[in-house]
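Numbering of ligands and ligand atoms starts at 1, following listing order.
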Amino acid sequence: MDRRNAWNQYDDAALLKVEEAAAGYKKYLDAGKTERECAAEAVRMAEAAGYKSLAEAIQSGAAVKPGDKLYQVQMGKAVMLFHMGKAKLTEGMNIVGAHIDSPRIDVKQNPFYEDGDFAYADTHYYGGIKKYQWVARALALHGTVAKKDGTVVNIVIGEDESDPVVGVTDLLIHLAQEQMGKKASEFITGEGLDITLAGRPLKGEEKEPVKAALLKILKDKYDLEEEDMLSAEIEAVPAGKARDFGLDRSMILGYGHDDRVCAYAEIAAMLQLPAIPEYTCCCLLADKEEIGSVGATGMRAMYFENAVAELLALTTGKESDLSLRRALANSRMLSCDVSAGFDPLYASAFEKKNSAFLGRGVCYNKFTGSRGKSGSNDANAEYLGRLRKIMDDHDISWQTAELGKVDVGGGGTIAYICALYGMEVIDSGVAVLSMHAPEEVISKADLYEAIRAYAAFLTDMKQA
Ligand code: MN
Ligand code: MN
């Protein structure tokens with residue numbers, strides 16, 4: 001049962017659309033290097049397409065009706081889009097959900113120190129990373145500093161060509177005999193991922209003159225004190241823009257495909273819905289998936305349920321816990337997250353006929369998890385059957401996959417969390433090479449097919 005390669009299906013007009021989708025996505029990646037930036041960019045795109053604030057509708061108590069488009073933001077780090085449909089909310093929604101946080105290196109709350117005439121930032125990495133991939137490369141600093149007076153300073157250093165960049169240094173090969181003998185998980189330690197920030201002393205300063213010079217820059221350029229770092233979220237991410245990959249330009253190299261490629265595909269699909277879809281369509285962009293969907297902005301928080309409760313009140317004029325349960329339980333969802341693309345260089349990690357191939361279209365994972373499907377949302381065969389029909393009716397290139405060989409490893413998504421409500425959920429996404437590396441690779445064809453697949457799902461999936 002080999003699946004077709006999407007590239008073979010495209011005529012010249014389709015190829016133009018593939019490039020258009022890729023260009024839009026690369027812009028989204030460049031604008032969103034952090035969960036906050038991705039959330040802000042999603043809201044900007046939604047507002048430009050006529051979406052209004054749900055928070056404001058709740059404030060004013062304005063009735064919500066079919067065709068209305070609303071967005072809700074959770075603490076600046078998670079976003080929900082709702083496009084109200086003809087059917088009652090209790091008949092369920094068609095939901096696409098992705099995450100917008102990506103692995104990175106976070107700066108600690110008390111970060112700065114000086115050693116050997118350098119000033120450093122101490123860090124604590126976020127998400128699953130191969131630590132050795134993050135040394136000896138250009139990093140940019142993105143973040144938010146909340147001052148005591150309530151003002152918030154946003155920082156982006158290292159993305160403009162004229163900006164300086166920072167980074168974590170590595171040991172020269174000439175002296176690395178001991179380092180090279182260690183296991184890859186050990187030769188760069190978490191505590192060793194310290195970022196070099198400065199290397200020039202402040203003239204006349206006797207105690208820690210390089211750190212003093214660094215603090216002067218922060219004061220002069222950003223009006224920040226060292227103490228302000230106590231309430232800051234600064235993320236070190238790979239510097240630079242997403243780029244075409246391969247001489248044929250068929251792929252995209254960039255930071256954070258996991259899972260911004262699915263987030264972008266969802267937004268793009270939402271923005272091409274008919275004026276009044278049959279069912280209410282919903283796009284979830286969650287934070288904290290990479291560390292277990294925890295915290296007030298992770299999918300396990302109740303913000304989605306709360307937003308649906310508010311929508312029910314605004315559409316029916318009534319509050320009902322039973323209606324809320326019905327709306328959630330009757331919903332259909334694609335949990336959109338990246339899948340491991342088959343990599344011939346590491347073929348032994350994959351079982352080939354149940355692997356996702358770059359270029360063969362949007363991917364469906366009936367289950368994820370590890371070992372005996374532990375931690376997986378195992379989607380229902382009946383639901384997968386209904387999906388197959390929608391995909392084939394729309395002539396979408398799609399494939400099914402598992403995340404590597406059975407005993408090799410595993411992973412999870414937000415699928416199991418939404419499944420708690422009793423709704424139908426299946427994992428769906430785009431195949432990625434070098435997942436969780438500072439720069440990951442996807443195929444433009446898979447991005448394009450994901451957008452088409454999500455749009456078809458949102459318009460065509462029905463209550464069983
Ligand atoms: Mn992911
Ligand atoms: Mn991930």
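Within D258, the N, O or S atom lying nearest to the Mn ion (ligand 2) carries the name OD2. The Mn ion (ligand 1) lies closest to atom OD1 when only the N/O/S atoms of D337 are considered.
Using a cut-off of 4.0 Å between Lys/Arg side-chain N and Asp/Glu carboxylate O, K389 and D460 are scored as not salt-bridged. A salt bridge is defined here as a Lys NZ or Arg NE, NH1 or NH2 lying under 4.0 Å from an Asp or Glu carboxylate O, and K405 with D407 fails to meet this definition.
Residue H99 does not count as close to the Mn ion (ligand 2), with no N, O or S atom under 2.8 Å. The Mn ion (ligand 1) lies at 2.8 Å or more from every N, O or S atom belonging to E290.
Judged by the 6.0 Å and 45° rule, R360 forms no cation-pi pair with F342.
In this structure, OH on Y71 lies 6.0 Å from CD on E56, to the nearest 0.5 angstrom.
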